[in-house]
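Take this structure, written in structure tokens, and hold onto it; I'll ask about it next.
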Number of protein chains: 2
Amino acid sequence: MLEGLRAAGVRVTAARRAVVHALVDADDHVTADELAERIADRQPDVHRSTVYRTLDALERLGVVTHVHLGHGRAVYHLTDRMHQHAVCEGCGLVVELGDDVLGEVQARLERETGFVVDPHHFALVGRCRHCAQRV
Amino acid sequence: MLEGLRAAGVRVTAARRAVVHALVDADDHVTADELAERIADRQPDVHRSTVYRTLDALERLGVVTHVHLGHGRAVYHLTDRMHQHAVCEGCGLVVELGDDVLGEVQARLERETGFVVDPHHFALVGRCRHCAQRV
DNA sequence: TTCTATGCAAACGATTTGCAGGGAG
DNA sequence: CTCCCTGCAAATCGTTTGCATAGAA
């Protein structure tokens, strides 16, 4: 992957190596800040803004994708680990969904209105099994 | 509606009257800032924060609902004009959808995982007919 | 009179940007 | 040697909050 960067004319630096490693190590659903914290354990001088800029660069290369889980917080993951998300507004639980949950809806919407839904960029929101009961 | 406020133990003030009128007059999908601007035409001393606080109060009473249309901007509308939204990430176009678009998906998700989707709080994102073509 | 609602300014959280210096190629 | 990348500080955007006062009931 780092070689891929170099091939794309992007420079490979210590900060970028750190971001890539942190991403590979991460269980999914990491925020930029969480990544920055984890990186700071070993490289305290990697600045938050660099993490953002690196994530941005990786995203433009197509190897990283971000998802909005609701108010504010966006999470990042490797593109090849792509899947859809549902977020509980009660407890914040993130449910991973198959890539096809919206299949029929997407198809019908496109056929009828021409609108092409991007099911990955924003999570579905709602209430998980537990929180749904105590509303 | 204003009487409803009074009945709920909430005070009816000039600012609140203005917000309610602006909401009623508005074609859907108004941001808090847009409301504040429109109100400022006639009552320049109604502060943005008051608009936010009033919308919040109206929302707690159940007569107003807000929807997140993507990055940042939230839009408000009267609860009885409720419907689902799809937003184009290319041009910002807001498509109004019936209340049932996600019906099957919602049902299946709840049956299989217990997750109850709230299809109103966040819009579906994607690309409208026109923007979908030039990607 | 009482206590909620308001204006103002300042704080907020997540992210972005301008700048001058540092380091990859 | 050239430019991209970085750290830092400051700016941004949408929204919220603390405060002392105006005003609804």
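In what follows, chains are A, B, ... by sequence order, proteins preceding strands, each numbered from 1.
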4.5 Å side-chain heavy-atom contact, V10(A) and L61(A):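 Yes, at least one pair of side-chain atoms sits under 4.5 Å.
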
S49(B) side-chain proximity, nearest of dG7(C), dT4(C), dC8(D):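 Out of dG7(C), dT4(C), dC8(D), the nucleotide with an atom closest to S49(B)'s side chain is dG7(C).
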
Sugar-phosphate only, base, or nothing, as touched by A74(A) at under 4.0 Å among non-hydrogen atoms: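 Sugar-phosphate, no base atom in range.
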
Separation of dT17(D) C1' from H47(B) NE2 (nearest whole Å):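 So the NE2-C1' distance, H47(B) to dT17(D), works out to 12 Å.
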
Closest non-hydrogen atom pair, E34(A) against H29(A):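 Distance-wise, the nearest heavy atoms are OE1-O, 3.7 Å.
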
Whole angstrom value for the distance that separates P of dG14(D) from CG of D56(B):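 That distance rounds to 18 Å.
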
Within-4.5 Å side-chain heavy-atom neighbours: L102(B) and L102(A): yes

Donor + acceptor pair across side chains of H120(B), H83(B) (<3.5 Å):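 H120(B) vs H83(B): no donor-acceptor pair found between side chains.
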
T31(B) side chain near E37(B) side chain, heavy-atom distance below 4.5 Å: no

Distance-minimising heavy-atom pair for V87(A) and G92(A): CG1-O, 4.1 Å

Rounded distance in Å - CZ (R6(B)) to P (dA5(C)): 13 Å

Short side-chain N/O contact from Y52(A) to OP1 or OP2 of dT16(C), under 4.0 Å: no

Presence of donor-acceptor pair under 3.5 Å, side chain of R11(A) and base of dC5(D): no

Any R48(B) side-chain nitrogen or oxygen under 4.0 Å from OP1 or OP2 of dT15(D):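 No, because none of the side-chain N or O atoms of R48(B) sits under 4.0 Å from OP1 or OP2 of dT15(D).
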
Ring pair (Phe, Tyr, Trp, His ring centres under 6.0 Å) assessment of H121(A) paired with H66(A): CA-CA 7 Å; H121(A) 195 186; H66(A) 77 270; 4.9 Å; yes

Any R53(A) side-chain nitrogen or oxygen under 4.0 Å from OP1 or OP2 of dC5(D): no

Nucleic acid contacts of residues 14-46 of chain A, taken as heavy-atom distances under 4.0 Å to DNA chain C: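 Hits under 4.0 Å, by residue number: none.
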
D33(A)/R48(A) salt bridge by N-O under 4.0 Å criterion: yes

Positions of residues 58-67 of chain A (non-hydrogen atom under 4.0 Å from DNA chain C), listed by number: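 None - not one residue of the stretch has a heavy atom sitting under 4.0 Å from the strand.
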
Pair H71(A)-H68(B), side-chain donor/acceptor within less than 3.5 Å: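 There is such a pair (donor and acceptor under 3.5 Å, judged by atom type) between the side chains of H71(A) and H68(B).
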
